[in-house]
Amino acid sequence: MPDLTLKDIPESVYKRLKERAEDNHRPLEQEATQILEAALIDRSAEDVIARAEALNRRLGRTFPDIVNEAKRKGRA
C-alpha cells in the first residue's frame with residue numbers, strides 16, 4: 001500500500017483530526033484514511049441505503065421513528 005505524507009496542515013485541521021481519531025478510537029493515520037475514503041470513493045445508492053439500514057438496526061429505530069419522536073417532543 002502506498003504511503004502519503006502531508007505537510008503544512010493547518011493547526012486547526014490537525015487538532016480536529018486528532019480529536020476525531022480519539023473519539024473513534026483510531027490512530028491518526030487510520031482516521032485520515034477513513035476520511036479520504038469516505039470523500040473519494042463513489043458509493044451507489046444501494047450502498048448508502050444499506051449503511052443507513054445497518055445504522056437503524058444498531059439503533060433499534062428507523063428514521064421515521066426518530067422524526068416522529070422529535071415531533072412529539074416538540075408538541076409536548
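Position 1 is the first residue of the sequence, and the numbers go up from there.
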Check your understanding: Is a donor on one side and an acceptor on the other found under 3.5 Å between the side chain of D65 and the backbone of T62?
Key -> yes
Revision key, fill the gap. Between the CD atom in E46 and the CD atom in E53, the distance rounded to the nearest 0.5 Å is 11.0 Å
Point to revise | Audit row: L55, R58, side-chain contact (heavy atoms from CB on, under 4.5 Å) steps and yes/no | key: CA-CA 5 Å; L55 177 60; R58 197 170 81 215; 3.5 Å; yes
Practice item. Hey, could you give me the NZ/NZ distance between K18 and K15, rounded to the nearest 0.5 Å? Key: 9.5 Å
Review point. Does atom CZ of R51 have more than 12 heavy-atom neighbours, drawn from other residues, nucleotides or ligands, at distances under 6.0 Å?
Key: no
Exercise for review: May I ask you to say whether E69 pairs ionically with R72, meaning some side-chain N is under 4.0 Å from a carboxylate O?
Suggested key: no
Exercise for review: Indicate if V48 and I41 have the same hydrophobic cluster label, given that clusters are the connected sets of ILVMFWY residues with side-chain heavy-atom separations under 4.5 angstrom.
Suggested key: no
Revision key, fill the gap. The reported gap from CD in Q30 to CD in E37 (rounded to nearest 0.5 angstrom) is 9.5 Å
**Study point:** Side chain to side chain, I35 and R20, heavy atoms closer than 4.5 Å
**Key:** yes
**Study point:** Working for side-chain contact (heavy atoms from CB on, under 4.5 Å), residues E29 and Q34
**Key:** CA-CA 9 Å; E29 295 81 2; Q34 190 279 330; over 6 Å; no
Revision key, fill the gap. Note: I9 and Y14 closest approach over all heavy atoms is CG2-N, 3.9 Å
Study note, to complete from the structure: Heavy-atom nearest pair, L17 first then L28, reads CG-CD1, 3.6 Å
Point to revise | L36 CG to L4 CG distance, which is reported to the nearest 0.5 Å | key: 7.5 Å
Check your understanding: Any donor and acceptor pair, going by atom type alone, linking the side chain of N68 with main-chain N or O of P64 inside 3.5 Å?
Key -> yes
Review point. So E31 and N24, side-chain contact (heavy atoms from CB on, under 4.5 Å) or not? Walk me through it.
Key: CA-CA 8 Å; E31 188 67 25; N24 291 316; 3.1 Å; yes
